[in-house]
Every structure is written in structure tokens, then in C-alpha cells.
Amino acid sequence: MIDISSYDYLRQSASERKPDVAEIRKHFPILERQIEGKPMVYLDNTATSQAPMEVVREIERIYTHSRANVHRGVHTLSQEMTSFQEESRERVREFINADSIEEIVFTRGATESINLVANSFGSFLKEGDEIILTVMEHHANIVPWQLLRDRAGIVIKVVDINSRGELDIENFKSLFTEKTRLASFCHVSNVLGSINPVKEMTSFARSRGVVTLIDGAQAAPHLKIDVKDLDCDFYVFSAHKMYGPSGVGVLYGRKSLLEKMPPWQGGGEMISIVTFPHTTFADLPFKFEAGTPDYIGIAAFSKALEFINDIGLPEIEKHEMTLCRMAEEGLRKIPGIKIYGESPEKGPVISFLLEGAHPYDLGMLLDKQGVEVRTGHHCAMPLMERLGIPGTVRASFAIYNNEEDVARFISATQRAVAILS
């Protein structure tokens, strides 16, 4: 086993150092895997990042030492487990600078968080009310609102993008009317990498009395999130994209809104008193956490956030974007490659195509060389339709990637292009 406590660099402040990527990689034994007999280069971090040993060990420790249901018992194990879960809630609160742990709701992921809002806050909407989405949204921020539209008769309006893959902010503002009730948009596009001007967007919506939801699934692993500074009403993200376990997500909600919203699901934990004539609900945030949560995953997520904080988000972002720009520069030198998403303000994501080739073919040839990328529509089919393409090849970077990964990626792409051409 790896002795993580021996890594002195984790005890240094972010201002004193640059990330020691060679040491960081030792936290991730999976990076030692071989694919098709070649050392693996993992570049599918936008879909799911790998988990460091701190997270894996925490899961193992709880399963072998403290596993018991939370908020259910007076015995020692239950009390310990409840403490672990609620400590993680406090760490999440600090991570996004929320006012209170009452504003932190644990879910199964960003998708469930959006569905919660669509079903609970959405119950306030009536026929003819309007919501605003963008063409770059993940399906998770489209389909729940379509289901609400089909139930309640609301109207969905869609913001367009420009030729560089940036959100058309003037188009966004022009869609607001007296019937607009909510604007829901991603912080960072999972395909284009574009970082949207979310603070400007929430400010404009606030001036119109419109509620805002930010899908931060692609932002939280890379950017400092301050929900008070953003002045948003809801913010959602997933642990599995942040070096954490799968099946854990977060919904931040403004307390004044969460207090008014009805529960989405019923069951244990979310109640105060149950009788057949009437049920009263628990206080926040438990009103929205029906049933037994993934308390072990939630506790382990705290270790992932600690890992991020120890390295420092500014250093993570700088390192990842250095690699991303190196990879983009290399791709531009390969004849026939077209990159989608040219905004100067973007996250560590590159989507590209080879002219005349299907993205699956390019992705399979990269996999044969040990380079793991994503191919397809990336759960963003409306965006692909807007771009007029079937999908893209997507490479995305994390703190454990290095310059050798970039070189291997470019070299493998060159070989694949030579074959396909």
C-alpha cells in the first residue's frame, strides 16, 4: 500500500509550490495499468476522474470499522457514521462558500440534483411560464425540463452560441419576458470547454426576478466556486468528476427557496411525524434526503475535497490548462483535424474531429495505443445538431496528467490519422 502520509508536498501551502505531478500520480494506482500492452493515458476526466487512495482507503475503513445507517440509531456505529456524513456536508459547504449546511443537499449526482429542482421548484410553475436553457446543455439539464413541460405546459427557450462556441449573452438577455421563471445553464460546457459568464447571467436574471440554476459538474473540479459571489439560487455538481466516489452529488439551494419547496421523494429520514391522516416533514436539508443515502460515498467525498484543497484549485487549473493548450497546439499541426470550442475562456477539454472520419473510429485507434478518450455526442445531442456533426473525440485533463500524456496523445492521434487517411 502507498504511504500517502509521507508526501511532504501536501503539507506545503499552494503559494509555496507547484504541483508535484510525479508524486500526485502515486496516489492513483490505476494509472499504472496497461491497455493493449501499452502504458495507459487516461484522458476521459470530464466523464469521470480517477479516485486517489485517500478516497479508496476511507471507503475500506468505513466498511471494515464503522458501517451503520445514519441518523437512525443511538448506538456507537450509527453515531460515528452520522458524524462522518455531516462532517462531509460541512466540508462541501466550505468548498462552495454556502451560508449554511441547511443549503447542502446530498443526491446521487448532478443529474438527480437537477431532477429534484425540476420536480420540486417546478411544481410552482404553471402553463405558459417560461424557462431558459442553452444549446450547450448536457441532457441532464434538458430532459427534466422537457418532462416538466409535458406535465405542466411550460415553455422552453434556448440560448444560441457563436462561431467560437461561446454563449451568445445578448441572445440570453433577449429571451427574458414577464413570463420567465427560471434560467438553467452550465458553468462549463462538457463538449466545448467554454466557461460561461455565469455571474453576469445570474445578475441579469436576479434583476428580472428570475431564479437561476447552474450546472457546475464541469466547473467544480477545476474552478473555485463561491455560490454567494455567483448569487445563484441553485448549484449542482457530482463527486465522481472530482476524484470522489460515484453515486454522490450535491445540490446547493438558497435556503429561502428550499424552505418553500415541497419534498420530491418520500420515505424515511425526510419526515418529522407520520400519521395516516397527515405527515410533517423534517427540517432542511433532510426534507430532500429520503431513504438511506450513500453515506459511505458521502464520507469518502470529504477525502476527495481534502485532496483538492491540499493541492489548491488555482494550481490544479493552471496545470490542467497548460496541458490542454499543449495538446491543442499539437492537434492543430495534424492535417485534417478540426477543434470545436475556441473560446479563450475555457476548461481543460478538447473536442475535435478528423475530416471524413467517424469519431468512433478515431477513438478506437487511440484506445489500441493505450490512450483513453471519449467519443460520441457526450450527452449533448442538441449541441451536435447545432454544430452539424454526429459527435466528437474528446480529451480532457486532470491534475494527475502530465506532459508525457500529452505527447503520447498527440503521437497516437498522428498514427490514427495516418491510418484513417
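Between F307 and F28, the distance separating the two ring centers is shorter than 6.0 angstrom.
Side-chain contact of N45 with S396: a donor-acceptor pair under 3.5 Å is absent, judged by distance alone. Side-chain contact check for S343 and S194: no donor-acceptor pair (N or O, by modelled atom type) lies under 3.5 Å. In summary, the side chains of R394 and S351 do not present any donor paired with an acceptor at a separation below 3.5 Å, with no hydrogens or angles considered. Between the side chains of T82 and H71, no donor-acceptor pair is found at a separation under 3.5 Å.
In plain terms, the two heavy atoms of G347 and M321 that are nearest each other are C-SD, 3.4 Å. P245 and I59 make their closest contact through CB-CD1, 4.3 Å (heavy atoms, listed as atom of the first residue, atom of the second, distance). Closest of all the heavy-atom pairs between V227 and A98 is CG2-CA, 3.8 Å.
The side chain to side chain donor-acceptor pair (under 3.5 Å) test with E23 singles out one residue from K26, R25, H27, and that residue is K26.
Put simply, OH on Y360 and OG1 on T375 are 5.5 Å apart, with the number rounded to the nearest 0.5 Å. The CG atom of D310 sits 13.5 Å away from the CD atom of E315 when rounded to the nearest 0.5 Å. The CD1 atom of I131 sits 6.0 Å away from atom CG of L182, with the distance rounded to the nearest 0.5 Å. To the nearest 0.5 Å, atoms CG (L175) and OG1 (T134) are separated by 11.0 Å. Taking CZ from R208 and OG1 from T180, the interatomic distance works out to 8.5 Å, rounded to the nearest 0.5 Å. Atoms OG1 and CG, from T202 and L213 in turn, are 12.0 Å apart once rounded to the nearest 0.5 Å.
For D233, the salt bridge (charged side-chain N to carboxylate O under 4.0 Å, His left out) partners at least two apart in sequence or on another chain are R206, R254.
The closest donor-acceptor contact from the side chain of H138 to the backbone of N141 lies at 3.5 Å or more, if one exists at all. The backbone N or O of T392 lies less than 3.5 Å from a partner atom in the side chain of H378, making a donor-acceptor pair. Formation of a donor-acceptor pair under 3.5 Å by the S88 side chain with backbone atoms of I298 is found in this model. Listed for the T107 side chain is no donor-acceptor partner under 3.5 Å among the backbone atoms of E112. At distances below 3.5 Å, not a single donor-acceptor pair connects side-chain atoms of S120 with backbone N or O atoms of V117. Proximity of a side-chain donor or acceptor of Q369 to a complementary backbone N or O of L365 within less than 3.5 Å is detected. Judged by distance alone, the side chain of N115 and the main-chain N or O of T111 form a donor-acceptor pair under 3.5 Å.
We find that E289 and R89 are joined by a salt bridge, their nearest charged nitrogen and carboxylate oxygen being less than 4.0 Å apart. Salt bridge present: K228 and D99 bring a charged side-chain N and a carboxylate O closer than 4.0 Å. In summary, E103 and K255 do not engage in a salt bridge, as defined by a charged side-chain N under 4.0 Å from a carboxylate O. Electrostatic pairing of R57 and E60 does not count as a salt bridge here, judged by no charged N lying under 4.0 Å from a carboxylate O. Checked for salt-bridge contact, K126 and D129 meet the test: a charged N lies under 4.0 Å from a carboxylate O. The pair R91-E94 does not meet the salt-bridge criterion, since no charged nitrogen lies less than 4.0 angstrom from a carboxylate oxygen.
Enclosure of atom NZ in K303 is not indicated, since only 12 or fewer non-hydrogen atoms of other residues, nucleotides or ligands lie within 6.0 angstrom. Residue E385 places its CD atom among 12 or fewer non-hydrogen atoms of other residues, nucleotides or ligands, all under 6.0 Å distant. The environment of CD in E127 is sparse: at most 12 heavy-atom neighbours from other residues, nucleotides or ligands sit within 6.0 Å. Around NZ of K173, the count of heavy atoms belonging to other residues, nucleotides or ligands within 6.0 Å exceeds 12. A 6.0 Å sphere centred on CD of E345 holds no more than 12 heavy atoms belonging to other residues, nucleotides or ligands. Within 6.0 Å of CG on D150 lie more than 12 heavy atoms contributed by other residues, nucleotides or ligands. For E403, the CD atom counts as loosely surrounded, since its 6.0 Å shell holds 12 or fewer non-hydrogen atoms of other residues, nucleotides or ligands. A 6.0 Å sphere centred on CZ of R108 holds no more than 12 heavy atoms belonging to other residues, nucleotides or ligands.
Ring orientation note: the planes of Y42 and Y400 are tilted relative to one another, at an angle of 30° to 60°. Relative ring orientation between F237 and F301 is described as tilted, the plane-to-plane angle lying within the 30° to 60° band. F172 and F176 have perpendicular rings, their planes meeting at more than 60° on a 0 to 90° scale where under 30° would count as parallel. Ring orientation note: the planes of H377 and H139 are tilted relative to one another, at an angle of 30° to 60°.
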Determine whether N190 and T46 satisfy the following criterion, side-chain hydrogen bond (donor to acceptor under 3.5 Å, both in side chains), listing intermediate values before the conclusion. CA-CA 7 Å; N190 75 313; T46 293; over 6 Å; no
Any chance you could lay out the side-chain hydrogen bond (donor to acceptor under 3.5 Å, both in side chains) test for E306 and S302, step after step, and finish with the verdict? CA-CA 6 Å; E306 184 178 346; S302 178; 5.4 Å; no
Tell me, with the steps shown, if K199 and D229 meet salt bridge (charged side-chain N to carboxylate O under 4.0 Å, His left out). CA-CA 8 Å; K199 189 173 180 179; D229 181 60; 2.8 Å; yes
Assess whether side-chain hydrogen bond (donor to acceptor under 3.5 Å, both in side chains) is satisfied between H187 and Q218, documenting all intermediate values. CA-CA 7 Å; H187 196 157; Q218 301 302 331; over 6 Å; no
Could you walk me through whether R332 and E329 satisfy the salt bridge (charged side-chain N to carboxylate O under 4.0 Å, His left out) test, starting with their C-alpha distance in whole Å, then the side-chain angles of each, then the deciding distance to 0.1 Å, before giving a yes or no? CA-CA 5 Å; R332 288 194 177 96; E329 182 179 352; over 6 Å; no
Show the numbers, then the answer: is there a salt bridge (charged side-chain N to carboxylate O under 4.0 Å, His left out) between E36 and K368? CA-CA 6 Å; E36 300 288 341; K368 292 296 182 181; 3.5 Å; yes
Take E328 and K346 through the salt bridge (charged side-chain N to carboxylate O under 4.0 Å, His left out) test and state the conclusion after the steps. CA-CA 12 Å; E328 285 183 338; K346 65 177 296 184; 2.9 Å; yes
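When side chains are defined from C-beta on, K287 counts as touching L284, because their heavy atoms get closer than 4.5 Å. For the pair I311/I399, a side-chain contact is recorded, criterion being any heavy-atom separation below 4.5 Å from C-beta on. At least one side-chain heavy atom of I142 sits under 4.5 Å from a side-chain heavy atom of P382. Between V406 and F397 there is a side-chain heavy-atom pair separated by less than 4.5 Å.
Every pair tested for ring pair (Phe, Tyr, Trp, His ring centres under 6.0 Å) that includes a residue from residues 77-114 fails, sequence neighbours excluded, so the list is empty.
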Hey, can you pull the donor-acceptor pairs under 3.5 Å for the side chains in residues 262-278, sequence neighbours left out?
| unit_1 | atom_1 | unit_2 | atom_2 | d |
| --- | --- | --- | --- | --- |
| E269 | OE1 | R72 | NH1 | 2.8 |
| T275 | OG1 | H278 | N | 3.1 |
| T275 | OG1 | H278 | O | 2.7 |

